[in-house]
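Remember, it's a predicted structure, so these values are computed and weren't measured experimentally. Hydrogens, waters and symmetry mates play no part in the numbers below; they use all other heavy atoms, side chains included. Throughout, a chain's letter reflects where its sequence line sits, starting with A, and its residues are numbered from 1.
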Amino acid sequence: MKIKIKNLGEFQLKPGSALKDLIPEIKKISKELPVGFKYKDTYIDWHYTLNENISDDLELEPIFPSDKEALIFLRHTASHVLAQAVKELFPKAKLGIGPPTEEGFYYDIYYERPFNEEDFKKIEKKVKEIIKKNLSLERKEISKEEAKELFKNLEEDFKLELIEELPDSKVSIYSQGNFVDLCKGPHLLSTGQVKAIKLLSVAGAYWRGDEKNPMLWRIYGTAFFSKEELKAYLDRLEEIKKRDHRKLGKELELFTIEEDIGPGLVIWLPKGAIVRNIIENFWEEVHLQRGYQLVYTPHIALRDLWKVSGHLDFYAENMFPPMELENRAYQLKPMNCPFHIYVYNQKRRSYREFPIRYCELGTVYRFERSGVLHGLLRVRGFTQDDAHIFCREDQLEEELIKILDLVIYFLKVFGFSEYKIFLSTRPEKFVGSPEIWDKAENALKKALENKGLDYEIDPGEGVFYGPKIDLKIKDVLGRFWQCSTIQVDFNIPERFDIVYIGEDNRFYRPIMIHRALLGSLERFLGVLIENYAGAFPFWIAPVQIKVLTITDRNVNYGENVVKLLKKEGFRVEADFRNEKLNYKIRMAQKEKVPYMIILGDKEESDQVISVRTRKGEVINNLKLEDFINKIKIENQPEYLLNESS
RNA sequence: GCCGGCGUAGCUCAGUGGUAGAGCAGCUGAUUCGUAAUCAGCAGGGCAUGGGUUCAAAUCCCAUCGCCGGCUCCA
């Protein structure tokens with residue numbers, strides 16, 4: 001039988017033999033040995049044998065250690081090594097699943113008690129031993145019946161459950177030493193090929209993510225082909241820690257979340273509030289330019305409003321409980337949409353008016369379970385940069401395209417140029433008819449295609465009132481964050497029975513689009529803090545310039561400079577303390593102020609300034625006027641856009 | 001909500017049964033200094049909260065709250 005391997009040539013293989021029998025031959029012609037292969041969409045490792053898995057002549061695509069996909073092989077094996085280590089140390093442990101992930105791998109393992117730090121160390125040691133032993137892996141295909149027998153004897157209950165649900169009559173198992181695991185692969189040749197591995201953490205995880213199921217212990221780890229790559233990864237984890245918005249938020253005095261005030265409720269401190277204010281002002285300006293109208297609505301409303309909107313039926317578990325007052329129930333708002341319906345309903349609407357676009361920085365409250373709160377990224381009270389657009393069916397696609405334009409513009413201004421787009425379709429719990437949903441889903445698809453944007457479909461992830469497009473933005477460290485959401489809604493207009501008069505003088509139902517571009521200001525600022533590591537670009541920096549004097553003699557001159565800068569509208573702080581320059585620079589540097597102006601006798605006598613940038617560049621003998629002209633340009637939101645393009 | 005870990009001064013952290021500690025920040029004084037920490041002194045703590053064990057608890061036990069890492073969910 002012929003095996004063609006891309007770029008390596010053709011090989012003959014006898015039926016019944018494994019791909020690994022080709023290794024000596026391949027080694028002769030290739031410096032580097034592939035870790036495995038890809039055939040169509042499946043990974044094939046060296047352990048595949050001809051009669052079992054491969055019937056016809058086929059062309060395989062080799063995967064080398066330098067390929068990204070090679071990590072899947074490596075991490076699958078790494079997770080087996082981990083599982084073996086745990087089973088050897090704790091024979092009573094039962095295995096769940098152990099897949100590779102984006103960044104590493106994990107194994108979910110049931111054990112009668114939690115693994116503690118000591119266990120963790122032991123496991124780590126055992127893992128290293130197994131790698132050192134360089135055990136060969138082996139793949140076998142057996143019938144489901146045989147597999148059931150095997151795992152029943154091993155008392156691997158979770159594996160039995162998995163086997164039960166596998167669609168094929170045959171399943172594959174991999175073994176190394178005396179360890180066997182149900183696994184579809186792919187794997188490396190032997191445990192010794194796992195060169196750089198690190199176990200990272202243990203945490204409880206429900207079997208199959210369902211809280212009705214027993215809790216297993218999930219051990220996270222990561223593995224790479226080289227120690228250098230592993231180190232780079234661990235360094236990156238350190239970097240992420242350094243950029244944590246919770247840490248920076250405290251250090252830079254941006255925001256606080258106080259135990260006495262309540263979980264998930266954010267206090268914006270002056271420095272953070274000014275950042276938020278600058279973003280809000282910019283946001284409003286752009287919206288007004290683009291044909292939106294600004295509205296304000298209350299934080300609470302009569303509970304009946306939420307009955308009409310459908311929230312009580314479909315969203316109740318995310319809402320704060322009602323408040324009773326003068327025999328009427330009020331409800332803290334989880335969304336802004338019903339209010340905007342009433343703005344719409346102020347008068348009879350004509351088809352000529354459309355599209356009508358209402359926008360609001362609307363603060364909403366949602367009940368999030370305590371365990372999921374996370375700094376600014378997951379809170380209970382947040383301000384959405386919300387808008388609701390009412391339009392006719394024939395305008396829907398164009399409106400969606402405009403929204404996509406707008407969101408891409410905003411993200412660019414804030415330094416995000418890469419994102420993933422998801423189209424979420426009808427969930428299990430939904431209002432309206434399936435036909436209407438299909439219509440809405442199609443409109444979203446067409447808009448995305450019109451803009452030439454790639455997207456993935458997230459089945460069943462839509463909101464109860466309509467399908468949506470979500471954008472996840474990629475930050476400088478390559479992490480993705482969900483902020484923007486665009487949702488088509490045929491249902492709420494119907495529930496509130498809103499109408500417009502058409503050309504033919506008859507009533508029609510408008511379509512509503514919900515959209516938030518930055519998402520919530522809290523989350524967006526959290527992401528922004530991490531993206532910039534707290535060093536905001538000039539136009540949003542809470543303190544843009546810090547004026548430092550060298551001696552007390554220069555204070556008068558310093559006050560003058562500060563006054564002139566403030567007059568121009570810049571956010572300036574003075575550090576005229578009787579301290580050494582180095583000390584003042586260090587402080588300003590830690591506050592991540594973009595520019596320091598340093599004033600000594602020299603500057604004063606020449607009536608100039610010295611400027612030190614956040615990056616450490618020094619410009620001497622600058623006229624204040626020239627500096628102001630330079631930073632005026634830098635103070636525009638689009639400055640960085642123009643710089644990089 | 002569930003599982004594990006953690007909670008000591010404004011911040012970062014020492015302190016594991018015997019009188020609460022350090023550095024930074026703050027205040028006072030000295031120093032007047034040129035591109036990432038000048039020196040000295042002072043002040044600052046219900047050890048998350050509430051119970052319990054003990055002659056004695058920051059330390060051991062129980063409960064509650066909060067935070068962190070996950071599960072799940074979403075802006």
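- Rounded to an integer number of Å, the gap from NZ of Lys590(A) to P of C11(B) is 15 Å.
- Using Watson-Crick or G-U wobble geometry with both donor-acceptor distances under 3.5 Å, G69(B) finds its partner in C3(B).
- By the salt bridge (charged side-chain N to carboxylate O under 4.0 Å, His left out) test, Glu603(A) pairs with no residue at all, sequence neighbours left out.
- For the pairing with His287(A), the ring pair (Phe, Tyr, Trp, His ring centres under 6.0 Å) check across Tyr409(A), Phe410(A), Phe282(A) returns one residue only, Phe410(A).
- A 3.5 Å limit on both hydrogen-bonding distances identifies U49(B) as the Watson-Crick or G-U partner of A63(B).
- Evaluation of Tyr583(A) against the base of A36(B) yields no stacking contact (centre distance < 5.5 Å, interplanar angle < 30° required).
- Gly519(A) comes within 4.0 angstrom of sugar-phosphate atoms only, judged by non-hydrogen atoms across all strands, and of no base.
- For residues 100-112 of chain A, every residue pair satisfying the salt bridge (charged side-chain N to carboxylate O under 4.0 Å, His left out) rule, not counting sequence neighbours, is listed here: Lys92(A)-Glu112(A), Glu103(A)-Arg236(A), Asp108(A)-Arg218(A).
- At whole-Å resolution of the value, CG in Leu518(A) and P in C74(B) are 21 Å apart.
- With a cut-off of 3.5 Å on both pairing distances, A37(B) has no Watson-Crick or G-U wobble partner at all.
- Side-chain nitrogen and oxygen atoms of Lys468(A) include at least one within less than 4.0 Å of the OP1 or OP2 phosphate oxygen of A75(B).
- Donor-acceptor pairing under 3.5 Å, judged by distance alone, is absent between the side chain of Asn582(A) and the base of U35(B).
- If you check A36(B), G34(B), U38(B) against the side chain of Ile550(A), the one that comes closest is G34(B).
- Looking at the side chain of Glu259(A), the nearest of the listed nucleotides U72(B), C65(B), C74(B) is C65(B).
- Taking atom CG on Leu373(A) and atom C1' on C65(B), their separation rounds to 14 Å, with Å as the unit.
- In the region residues 206-222 of chain A, proximity to RNA chain B at under 4.0 angstrom, judged on heavy atoms, holds for Tyr206(A), Gly209(A), Met215(A), Trp217(A), Arg218(A), Tyr220(A).
- When only modelled atom types and interatomic distance are considered, Glu161(A) and Trp207(A) share a side-chain donor-acceptor pair under 3.5 Å.
- The aromatic rings of Phe158(A) and Tyr110(A) are tilted relative to each other, their planes meeting at an angle between 30° and 60°.
- Rounded to whole angstrom, the span from the NZ atom of Lys250(A) across to the C1' atom of G66(B) amounts to 12 Å.
- Rounded to a whole Å, the CD atom of Glu461(A) is 12 Å from the P atom of U72(B).
- Contact of Gln589(A) with A37(B) (side chain to base): no donor-acceptor pair of N or O atoms is detected under 3.5 Å.
- Checking A58(B) for Watson-Crick or G-U wobble geometry (two distances, each under 3.5 Å) identifies no partner in any strand.
- Rounded to whole Å, the distance from CD on Glu579(A) to P on C33(B) is 14 Å.
- Under the 4.0 Å criterion applied to side-chain N and carboxylate O atoms, Arg243(A) and Glu238(A) are not assigned as salt-bridge partners.
- Between the side chain of Glu603(A) and the base of G34(B) there is at least one donor-acceptor pair of N/O atoms closer than 3.5 Å.
- No engagement by Thr383(A) is indicated, since no non-hydrogen atom pair under 4.0 Å with the nucleic acid exists.
- Pair check for C13(B) finds G21(B); Watson-Crick or G-U wobble, both atom distances under 3.5 Å.
- In this structure, the CG atom of Asp108(A) is 14 Å from the P atom of G70(B), given to the nearest Å.
- The 5' end of RNA chain B is approached more closely, in terms of each residue's nearest nucleotide, by Ile598(A) than by the other of Ile598(A) and Val379(A).
- The Gln487(A) side chain lies nearest to A75(B) when the options are G4(B), C71(B), A75(B).
- Rounded to whole Å, the distance from NZ on Lys580(A) to C1' on C33(B) is 6 Å.
- Here Lys602(A) lies in heavy-atom contact (under 4.0 Å) with a base.
- Remark: the Arg523(A) side chain and the C74(B) base include a donor-acceptor N/O pair separated by less than 3.5 Å.
- Considering every non-hydrogen atom in both Leu248(A) and Ala533(A), the closest pair reads CD1-C, 3.6 Å.
- Of the candidates C71(B), A75(B), C68(B), C68(B) carries the atom nearest the Arg246(A) side chain, counting heavy atoms from C-beta on.
- Among the atoms of the strands shown, base atoms are found under 4.0 Å from some heavy atom of Arg366(A).
- At a threshold of 4.0 angstrom between heavy atoms, the contacts of Asn554(A) with the nucleic acid are absent.
- Comparing G69(B), A75(B), C71(B) by their nearest atom to the side chain of Ala205(A) picks out C71(B).
- The phosphate of G26(B) (OP1 or OP2) has a side-chain N or O of Arg577(A) nearer than 4.0 angstrom.
- At least one side-chain nitrogen or oxygen of His374(A) sits closer than 4.0 Å to the OP1 or OP2 atom of G69(B).
- Base contact: Asp601(A) has a heavy atom under 4.0 Å from a base atom.
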